[in-house]
Undergrad: 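Encoded as structure tokens, here's the structure I'll be asking about.
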Amino acid sequence: MDRILSVSWKNVWRNKKRSLIVITAVMLGTAAGVFTSGLMNGWVDQRIRSVINIEQSHIKLYNPDFLKNEELTNYIKGVAPLEKYLKVNNKIKGFSKRIKIMAMAATSRGNTGLMLLGVNPDEEMVVSELYKDIVPDGGQYLDNNKPGGIFISDKTAETLHTKNKETGKYKLRSKIVFTFTGKEGEMISQSYRVCGIFKTSNTAFDQMCAFVLDKDLRSAIPLNENEIHEIAVILNDNSDLSSVKDDINKRFPNISALDWKELAPDAGMMSEYMYIYYMIIMGFILFALAFGIINTMLMAILERGKEIGMLMAIGMNRSKVFKMIMLETVFLTMVGAMVGMAVGWLLITITGKTGIDFSSVEEGFEAIGWSSVVYPNIPAGFFFGVTLMVVLTGIAASLLPARKALKMNPVEALRTDN
Amino acid sequence: MSVIEIRDLVKIYDGSAVEVTAIDNVNLNIDAGEFTAIVGPSGSGKTTLLNMIGGLDSPTSGSIIIDSVDITRLKSKQLIDFRLNNIGFVFQSYNLIPVLTAAENTSFVMELQKREKSLINERTKSILTDVGLSAKMNSRPNQMSGGEQQRVAVARAMASGPKFIIADEPTANLDTKNTEKLLDMMEEMNEKRGITFIFSTHDQRVISKAHRIIVLEDGRIIKDEKKQ
């Protein structure tokens, strides 16, 4: 092993107490930064999973006119060739054709505006995991063999008083009357009976959406099989997102394909920039710790003035003196950071399995679409980034002490008491 | 043949209030294989002269020629390399690297010289055996006596294969027994390996062992005596 390297490593342990104080500070700071990043990443991951698996799917296809004006008659054009393409593309796991209309829902005790989605449960269960989010004693998901049912959220049940406020029990099979505008502008009324209640981590989504069988909605309006407003597409792999979307837009000029990042820009932005955000958190922590490291190294250099003078006298050149101090600082920082990363990783691993429950502030979290129970996690690549930052911090923190050492005059340094 | 030629050497410390002439027009030749003591009272200029011979300090005027190289004309980086390859140093307070063993301290200079590992190991063993420390090779400075540490310092100075070794008050921190041992060892190295030693001292025991005694006073050589 390079002698300068081994001397630097051994120098770290010359004053064990002082080094351990700095190492502990770096360890705690790094562990806190890693865990905070893991916690944030857990939220972001859950949010993105919720966006893809429940709220939006990977890609949604529309008639471009429907995006400007959600008119009932702005159907997707050329459904047959589009459906054929979606079926043969091996990057696509599944798709669900939807009818989408704005409607007024009313019961004898309440009313609310809702986005009524007509879906085929067999298709829908491939693209959306909403059927898994049925609340306890909340009935069941839509069934093609049980027409006339509606799948609403817990929030909607509260608003329409299909949930007993005192007992918390849902009034399943209770009737909700929907009023919406037909093809010619006529008002259509249609009633459905509550078959199931869902609850997601996104209050806004819950308050907005209700699901019925597509065939029920189609017969009420009426619409034929090819008159649909939206196709939700789920992919086998998120990394194919851009290629599939671009391919659809290129092949079908009458279709607007939007990916989940465009449909939920908040989640899109988080997926793009959160890594930078975590690095900024770590950067701030390491920046603050750097001052402690600089202070410790300056003390070490002042204490070893005579030794550094001797090294220069016997022929150790400036670059080697710099290398020795820089390595010593990097080692000091790295030891603390490595232990800190291990502690942070351990905390993330444990809480990633048990979850951290923020139920006391559940409403606040769910109002912005974030789950109140978070499962921290962090990608392995994050640790490479942190390691690089720690090394850079060590190098930056060594500059001042190294400068101090290089400014020493060997004759004067040899005269000192230290 | 002279290994060191000093011509018209002057060193003036230009303090804020007073100008102090530490070395006043010194002319001196030191031949290869000499065992020379520079003596004189405190403030006579012994350490200043040794520092300038060792390339650690620069003169106000004059020249120091070592093996045909005027070291007063060398740039800082060249001077560091010159010291590494041509001059060995022994300091009053040993100045070993505390985290390294005796063997590692001895081999350190050779590693700076980027010599081959096998040669470094061989030479380290040989030199430490010569200075009587073969049993202490793996001991750290804090596990050795002052005399043993100073012998490691001499071994380190010898390891680079220097043209001469400068020892500034090498026995100042040693007791009589260790002083005797160190001087005997240095004398043996001088005779056996032909190493040139130049040391400053006001220790009579050292002066009595020296083959040449140069007496400094107020920065001037007032006596230069060679023993027969």
Side-chain angles (χ1 to χ4, degrees), chain A residues 1-20 297 299-325 327-329 331-332 335 402-403 405-418, chain B residues 11 13 22 47-48 50-52 54-58 75-101 103-115 117 120 140-142 153 156-162 165-166 168-169:
Chain A
M1 189 168 57
D2 179 32
R3 180 65 65 203
I4 304 286
L5 201 75
S6 84
V7 168
S8 303
W9 173 251
K10 286 171 181 173
N11 278 341
V12 171
W13 305 106
R14 277 169 78 162
N15 188 329
K16 284 196 179 75
K17 198 174 177 182
R18 190 171 60 200
S19 292
L20 282 173
M297 284 308 296
M299 283 167 72
I301 297 307
L302 289 173
E303 275 179 12
R304 301 211 303 262
K306 199 167 198 165
E307 187 181 314
I308 290 165
M310 175 276 292
L311 290 170
M312 288 170 156
I314 65 171
M316 189 161 165
N317 61 32
R318 285 168 170 267
S319 65
K320 287 197 170 74
V321 173
F322 177 81
K323 185 181 168 187
M324 183 180 76
I325 294 162
L327 284 173
E328 194 174 327
T329 318
F331 285 147
L332 190 68
V335 171
R403 188 168 172 263
L406 293 176
K407 274 189 154 187
M408 283 180 182
N409 178 324
V411 174
E412 284 168 16
L414 282 163
R415 264 192 226 127
T416 58
D417 291 331
N418 292 317
Chain B
K11 177 70 180 180
Y13 287 110
T47 301
T48 306
L50 283 188
N51 282 343
M52 287 193 288
L56 296 175
D57 206 352
S58 53
K75 288 178 181 166
S76 170
K77 198 172 179 293
Q78 293 172 314
L79 203 51
I80 291 170
D81 286 341
F82 189 85
R83 283 203 300 266
L84 177 64
N85 294 307
N86 297 284
I87 308 170
F89 290 91
V90 177
F91 305 98
Q92 185 178 324
S93 50
Y94 330 134
N95 284 357
L96 299 177
I97 302 171
V99 294
L100 300 183
T101 62
E104 288 166 342
N105 264 291
T106 307
S107 61
F108 189 76
V109 182
M110 290 186 279
E111 281 159 358
L112 291 178
Q113 288 176 316
K114 293 178 182 163
R115 293 202 186 182
K117 202 172 179 186
I120 292 173
R140 287 197 177 179
N142 62 0
R156 178 180 65 190
M158 284 161 51
S160 63
I165 290 174
I166 290 173
D168 187 11
E169 307 264 10

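Just so we're on the same page: letters track the sequence lines, and every chain starts at 1.
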Undergrad: So which part of B:Leu100 gets closer than 4.5 Å to some heavy atom of chain A, the side chain, the backbone, both or neither?
TA: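 For B:Leu100, the side chain is the part near chain A, not the backbone.
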
Undergrad: Could you pull out the closest heavy-atom pair between B:Phe89 and A:Ala313, with the gap in Å?
TA: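 For B:Phe89 versus A:Ala313, the nearest heavy atoms are CE1-O, 3.3 Å.
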
Undergrad: Got a sec: does the CZ of A:Arg403 have more than 12 other heavy atoms crowding it under 6.0 Å?
TA: no

Undergrad: Look up atom NZ in A:Lys320 and atom CD1 in B:Ile80, then write down how far apart they are to the nearest 0.5 Å.
TA: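 The distance works out to 10.5 Å.
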
Undergrad: So which part of B:Thr47 gets closer than 4.5 Å to some heavy atom of chain A, the side chain, the backbone, both or neither?
TA: neither

Undergrad: Taking the side chain as everything from C-beta on, heavy atoms only, tell me whether B:Ile97 gets closer than 4.5 Å to A:Glu307.
TA: yes

Undergrad: So do the side chains of A:Arg3 and B:Leu112 get within less than 4.5 Å of each other, counting heavy atoms only?
TA: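 The answer is no, as the side chains (C-beta and beyond) never meet within the 4.5 Å cut-off.
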
Undergrad: Among A:Ile314, A:Asn11, A:Leu311, which residue forms the greatest number of heavy-atom pairs with chain B at distances under 4.5 Å?
TA: A:Ile314

Undergrad: Enter the distance from B:Arg140:CZ to A:Lys10:NZ here, rounded to the nearest 0.5 Å.
TA: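 Reported value, rounded in 0.5 Å steps: 5.5 Å.
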
Undergrad: Got a donor-acceptor contact below 3.5 angstrom from the B:Arg83 side chain to the A:Met312 backbone?
TA: yes

Undergrad: By a 4.5 Å heavy-atom criterion (distance strictly below it), what part of B:Ser93 contacts chain A: side chain, backbone, both, or neither?
TA: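 It is the side chain, since no backbone atom gets that close.
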
Undergrad: Nearest 0.5 Å, what's the CE-OH distance between A:Met310 and B:Tyr94?
TA: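 So the CE of A:Met310 and the OH of B:Tyr94 are separated by 14.5 Å.
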
Undergrad: Given heavy-atom pairs under 4.5 angstrom as the criterion, report whether the side chain, backbone, both or neither of B:Asp57 touches chain A.
TA: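 Backbone plus side chain of B:Asp57, per the 4.5 Å heavy-atom cut-off to chain A.
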
Undergrad: I need the A:Leu414 CG to B:Leu56 CG distance, nearest 0.5 Å.
TA: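 The CG atom of A:Leu414 sits 7.0 Å away from the CG atom of B:Leu56.
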
